[in-house]
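Below: one structure, written as structure tokens.
Throughout, protein chains are lettered first and strands after them, A, B, ... in sequence-line order, and every chain is numbered starting at 1. Keep in mind it's a predicted model, so treat the numbers as computed, not measured.
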2 protein chains.
Amino acid sequence: MRISTRGQYGLRAMCRLVLLQRAGGSGPVSLRDIAEKEDISSQYLEQLFRGLRGAGLVESVRGAKGGYILARPPEEISVADILRAVEGPIAPVECVESDSVDACCDRKDYCMTREAWIRLRDSMVETLDSINLADLCKPGELGRGSTC
Amino acid sequence: MRISTRGQYGLRAMCRLVLLQRAGGSGPVSLRDIAEKEDISSQYLEQLFRGLRGAGLVESVRGAKGGYILARPPEEISVADILRAVEGPIAPVECVESDSVDACCDRKDYCMTREAWIRLRDSMVETLDSINLADLCKPGELGRGSTC
DNA sequence: ATATATATGACTATTTTACTCAGATATCTA
DNA sequence: TAGATATCTGAGTAAAATAGTCATATATAT
């Protein structure tokens, strides 16, 4: 029951993008800078940013001095958005990826446990929808959101 | 972000144990019967029931006519109990297995994302604590909880 | 031109998962 | 007491997922 490193790195990278963008004017932020600050391989970040770009969370600027910028303000990008972009659907088991019962397995009594998984999924989605990048990058007493 | 088959099978097996116990008098239920109804290898179930027994959720009766019985009434066994028994701690990332910040990583800014993982963990635990075996095994309009 | 950066597809080592196997121990029934 | 039935325990293994790399193409600033 773990978030993969894709999800963990993806969220860290997006937070870092917020900080670097905030600190460095209006230009795009390179993966090289994010990679250095977050100590993540920039090649791996490239892979993750494919997903983030595909989901419309960031926009890219190619070429020298290029990089990435947030496609929307941090307040409008939720943790759920990011996880879905790099990890796929938020669902504890395959059979509750959609609400359709037909898409589920063929066991007569599948419903016995499905109930539990649906409730778990819904609470996860609700929580992750309610947290956005601005929340996480707010400077606090421990200096979080201000390290750059 | 998936529950492993250990968790899925573990929950199904426990639900089935409730049903078979309810149907079959007061004696213990063999893994063979659970395995047959749920279409899970009984050898795999043995492995899972090690964990369930270790966590005090079931009691075993060895020898012929032996098997397992619930250690507590179904109302007092939560889905969280079962998942913890077969899968380990409920935590989306390693660093929030405990609430101690010291047990976390050594990044200066770990807190930026830790906040999100803690909230996710708490909502997962709250939800899974709130569902018990009696809830899942209640007979309903679709016949769930009554297939035996 | 050249350096810098993203874009894309494929590839690989490692780890985790999902099981299986063999043999020991306990208990009921005949 | 013999035999059948179950749990108990440790170890082993094939397949799948994860985590990360590599090579190469393309775009843009200086």
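With hydrogens and angles left out, the side chain of B:Arg62 and the base of C:dT25 share a donor-acceptor pair within 3.5 Å. For B:Gln43 against C:dC19, no side-chain N or O and base N or O form a donor-acceptor pair under 3.5 Å.
Ion pairing of B:Asp99 with B:Arg121 is present here, as a side-chain N (NZ or NE/NH1/NH2) and a carboxylate O approach within less than 4.0 Å.
Under the side chain to side chain donor-acceptor pair (under 3.5 Å) criterion, A:Arg62 pairs with no residue, sequence neighbours left out. With sequence neighbours excluded, the residues that form a side chain to side chain donor-acceptor pair (under 3.5 Å) with A:Glu87 are A:Ser4. Legend: residues meeting salt bridge (charged side-chain N to carboxylate O under 4.0 Å, His left out) with A:Arg2, ordered by chain and number and at least two apart, are B:Glu97. Residues forming a side-chain contact (heavy atoms from CB on, under 4.5 Å) with B:Ser130 (at least two apart in sequence, or on another chain): A:Arg119. Shown here are the side-chain contact (heavy atoms from CB on, under 4.5 Å) partners of A:Pro73, two or more places apart in sequence or in another chain: A:Glu75, A:Glu76. Checked against side-chain contact (heavy atoms from CB on, under 4.5 Å), A:Asp129 has the following partners two or more places apart in sequence or in another chain: A:Ser78, A:Ala80, A:Arg84, A:Val125. Applying the side-chain contact (heavy atoms from CB on, under 4.5 Å) criterion to B:Ala55, with sequence neighbours excluded, gives B:Leu57, B:Ala85.
In the set D:dA4, D:dA29, D:dT26, the nucleotide with an atom closest to the side chain of B:Ala64 is D:dA4. Counting only heavy atoms from C-beta on, A:Gln47 has its side chain closest to D:dT21 among C:dA7, D:dT21, C:dC21. Among the nucleotides D:dT30, D:dG20, D:dC8, the one closest to the side chain of A:Tyr9 is D:dG20. Set against D:dG20, C:dA7, D:dA4, the side chain of A:Tyr68 has C:dA7 as its closest nucleotide. With distances taken from any side-chain atom of A:Lys65 to the nucleotides D:dT30, C:dT27, C:dA18, the minimum falls on D:dT30.
For D:dC8, the OP1/OP2 oxygens have a side-chain nitrogen or oxygen of B:Ser60 closer than 4.0 Å. For the OP1/OP2 pair of D:dT7 and a distance below 4.0 Å, the side-chain nitrogens and oxygens of B:Ser30 include no atom meeting the criterion.
Residue-to-nucleotide proximity on DNA chain C shows that, of B:Ser42 and B:Val61, the 5′-proximal contact is made by B:Ser42.
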Side-chain donor-acceptor pairs under 3.5 Å in residues 41-53 of chain B, sequence neighbours left out?
residue	atom	partner	partner atom	Å
B:Ser41	OG	B:Gln43	N	3.2
B:Ser41	OG	B:Tyr44	N	3.0
B:Tyr44	OH	B:Thr5	OG1	3.2
B:Gln47	OE1	B:Arg6	NH1	2.7
B:Arg53	NE	B:Ser60	OG	3.1

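In the helix from C:dA1-D:dT30 to C:dA30-D:dT1, the end axes, each obtained as the rotation axis mapping the C1' atoms of four pairs onto the next four within a five-pair block, lie 10° apart to the nearest 10 degrees.
With rounding to whole Å, A:Gln8 atom CD is found 12 Å from D:dA19 atom C1'. The CG atom of B:Leu48 sits 14 Å away from the C1' atom of D:dT7 (whole-angstrom rounding).
Between the side chain of B:Gln8 and the backbone N or O of A:Val93 there is no donor-acceptor pair closer than 3.5 Å.
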Could you go over nucleotides 12-17 of chain C and give all protein N or O partners under 3.5 Å, atom names and distances?
none

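Residue A:Thr127 comes nearest to B:Ser123 through the heavy atom pair OG1-OG, 2.9 Å, listed as atom of the first residue, atom of the second, then distance.
Near DNA chain C, meaning a heavy atom under 4.0 Å away, there are no residues from residues 49-57 of chain B.
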